**Student:** 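Here's a structure for you.
Only a predicted model underlies this, so the values are computations on that prediction, with no experimental measurement involved.
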Amino acid sequence: MARLSEDALFQHLGSLLSGYPDHQGPVEGDLPVAEQVRGTTLKLPVWHREADIPLADAYVTALVKVATHHKDLMLE
């Protein structure tokens, strides 16, 4: 996983949000709380249409499977 400071949002702000110039973003360690949150957070898509229900169900099934078998997945 890329470091938070390497995210396009911090390195190429102008390409993502018009009106903001590109700039040198933060370097590793500048945002310790944000880096900790990013390293321990799972971002899921937002489902908002009826047609998304099968995909949302597939995510739930996968998460339950991982949670159920997490000890088998741990590296020793």
**Student:** Can you name the nearest heavy-atom pair linking V46 to H48, along with the distance?
**Tutor:** O-CD2, 3.8 Å

**Student:** I want to check something: taking the side chain as every heavy atom from C-beta on, are L63 and L42 in contact at a cut-off of under 4.5 Å?
**Tutor:** yes

**Student:** Are V66 and M74 connected into the same hydrophobic cluster when the rule is that any two of I, L, V, M, F, W, Y join if their side-chain heavy atoms are below 4.5 Å apart?
**Tutor:** no

**Student:** Among residues at least two apart in sequence or on other chains, which ones pass side-chain hydrogen bond (donor to acceptor under 3.5 Å, both in side chains) with D57?
**Tutor:** none

**Student:** Decide if atom NZ of K71 counts as having more than 12 heavy atoms of other residues, nucleotides or ligands within a radius under 6.0 Å.
**Tutor:** no

**Student:** P45: which residues meet the side-chain contact (heavy atoms from CB on, under 4.5 Å) condition with it, sequence neighbours left out?
**Tutor:** W47, Y59

**Student:** Please report the interatomic distance NZ(K65) to CG(L73), rounded to the nearest 0.5 Å.
**Tutor:** 9.0 Å

